[in-house]
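Computed from a prediction, not measured in an experiment: that's the story for all the values here. Residue numbers count from 1 along this sequence.
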Amino acid sequence: MSGAALLLALVLGALPQGMATWRMELAGQPVGLVTLELRCAGPRCAVSWRSQQRLPVEAGGGLLTRSAALEVDAQGRALGPVRLVEGGVAREQQLPAGAIPALLLEPLLSERLRHAPEACLDAVEEQSGAPVRGCARREGGRLRIALPAELEWVVPGDDGFAEEVLLPAQRVRFVRDAGARLPERPPRLYGVEVDGPARPEAGARFCGVGRAAPRPLRADQGLGADQLQAPRADGASCREVTAAWLTRARAAGWRGRTAVGVAWSGAAWSWHAWAEVLVDGGWVAVDPTFHQAPASADRFRLATWEDGDEPARAEAGRRILECWGRARVE
């Protein structure tokens with residue numbers, strides 16, 4: 001279940017009526033907001049949820065909007081299909097008769113924890129219809145909720161709406177904020193840390209891709225000591241440094257491209273951009289930010305694109321969005 005769907009779930013335990021808003025943060029950066037409205041008429045409650053998220057420049061810099069609408073009964077059972085909209089595309093997901101939608105796991109578990117130290121429930125995931133099991137226990141003033149894919153911490157509010165939701169593995173936090181607004185500028189991507197092992201050699205995969213083995217360079221293959229063997233360029237971010245270095249490399253007659261993914265900074269795993277140049281029929285990774293040629297193997301390349309290749313640039317944005325805040329180095 002997505003973090004945004006989790007928010008929807010957390011307000012349904014006591015079936016509060018009205019509207020609530022949360023600020024969405026990723027790795028400490030405000031990236032969007034979630035609004036929630038719930039209205040009941042007798043035994044039926046209509047729920048509508050909307051998420052607005054500003055994407056980083058590397059994923060297009062645009063606005064990603066998702067919404068969901070459904071009806072539930074007093075026991076939290078779906079009274080029909082879940083109506084989903086993402087990126088302007090609408091669809092319905094039919095749930096088995098009497099099934100508890102996964103977005104209701106948390107409030108139902110919270111209610112059960114009033115009478116027992118621990119509780120578990122079976123439900124159905126709204127997006128796919130797949131079964132999902134959640135277990136929870138209270139720890140101090142928070143709820144510790146374990147789902148198959150992640151661990152979540154929830155600070156419940158007095159009015160039935162969650163005050164805070166934390167998804168540590170995704171570095172995502174939702175904070176109750178009636179004044180939440182969309183960021184005017186796209187959030188920063190490069191330099192944002194990603195969870196993973198403290199020893200870089202222990203990292204084997206990130207978001208479905210493995211390490212790219214570094215391609216060695218011979219002395220007669222370099223662009224020159226001031227360009228390739230000790231790559232440097234000016235810029236305020238790794239993206240700007242890479243772009244500046246590639247401009248010089250192309251001017252020197254080399255074919256180059258931008259690579260994006262996650263790399264070890266020397267202290268942590270973080271989103272990063274670097275260059276690749278075509279040498280004797282193969283691409284060699286060069287990192288002008290870290291002054292490495294060839295670049296170290298402590299990195300995971302999600303996508304590449306050459307200057308002017310818009311389809312490849314769009315595909316890179318899709319891969320970034322797919323992995324942004326949803327994966328860790330394993």
Side-chain angles (χ1 to χ4, degrees), residues 1-4 24-29 31 53 55-61 64 127 147-152 166-173 186-216 237-243 256-277 282-306 309 312-330:
M1 181 173 55
S2 71
M24 184 191 310
E25 298 178 355
L26 177 61
Q29 296 184 88
V31 297
Q53 185 176 358
L55 303 179
V57 171
E58 296 76 16
L64 177 63
Q127 297 283 340
L147 295 172
E150 60 191 335
L151 177 67
E152 300 160 356
L166 180 64
L167 287 70
Q170 298 184 31
R171 291 180 174 266
V172 172
R173 186 171 77 125
R188 179 171 61 94
L189 173 71
Y190 295 131
V192 174
E193 292 185 1
V194 174
D195 283 342
R199 295 183 300 108
E201 64 272 16
R205 298 188 69 79
F206 174 76
C207 203
V209 301
R211 290 173 179 259
R215 193 164 183 265
S237 69
C238 59
R239 181 182 62 191
E240 295 177 3
V241 170
T242 296
R257 66 186 186 185
T258 300
V260 60
V262 168
W264 179 257
S265 69
W269 295 100
S270 63
W271 283 96
H272 192 53
W274 59 93
E276 291 185 353
V277 289
W283 292 97
V284 176
V286 177
D287 194 330
T289 304
F290 296 163
H291 313 309
Q292 297 172 348
S296 77
D298 298 328
R299 64 190 63 232
F300 301 88
R301 184 183 67 198
L302 289 179
T304 62
W305 70 90
E306 293 187 62
D309 188 346
R313 181 66 183 83
E315 174 62 16
R318 186 194 67 77
R319 285 290 290 146
I320 290 168
L321 180 58
E322 180 181 280
C323 300
W324 188 42
R326 295 180 175 86
R328 69 187 306 273
V329 175
E330 299 176 338

* **Exercise: identify the closest heavy-atom pair between L55 and P186** => O-CB, 3.3 Å
* To do: Verify whether the ring centers belonging to W274 and Y190 lie closer than 6.0 Å.
  => no
* Asked: Which heavy-atom pair separates A273 from C238 by the least distance, and what is that distance?
  -> N-SG, 3.4 Å
* Asked: Who are the salt bridge (Lys or Arg N to Asp or Glu O under 4.0 Å) partners of E306, not counting sequence neighbours?
  -> R255
* With P187 as reference, evaluate Q53, Q29, E25 under the side chain to side chain contact (heavy atoms under 4.5 Å, CB included) test and give the passing residue. => Q29
* Asked: Excluding sequence neighbours, so at least two apart, what forms ring-ring contact (aromatic ring centres under 6.0 Å, His included) with F290?
  -> H272
* Any salt bridge (charged side-chain N to carboxylate O under 4.0 Å, His left out) pairs touching residues 257-277, not counting sequence neighbours? -> R257-E276, E276-R301
* Can you tell me how far the CD atom of E240 sits from the OG1 atom of T289, to the nearest 0.5 Å? -> 10.0 Å
* **Closest non-hydrogen atom pair, V194 against R328** => CG1-CA, 3.9 Å
* Structure fact -> Residues P168 and L151: closest non-hydrogen pair is CD-O, 3.2 Å
* Parallel under 30°, tilted from 30 to 60°, perpendicular over 60°: which one fits the rings of W269 and W264? -> perpendicular
* **R205 (side chain) donor-acceptor with F300 (main chain) under 3.5 angstrom** => no
* Taking all heavy atoms of W324 and all of L189, pick out the closest pair and write down the distance. => CD1-CD1, 3.6 Å
* Asked: So, E322 and R318, do they make that salt bridge, N to O below 4.0 Å?
  -> yes
* Asked: To the nearest 0.5 Å, what is the distance between CG (D298) and CG (D287)?
  -> 11.0 Å
* To do: Please name the pair of heavy atoms, one in A198 and one in P200, separated by the smallest distance, quoted to 0.1 Å.
  => O-CD, 3.7 Å
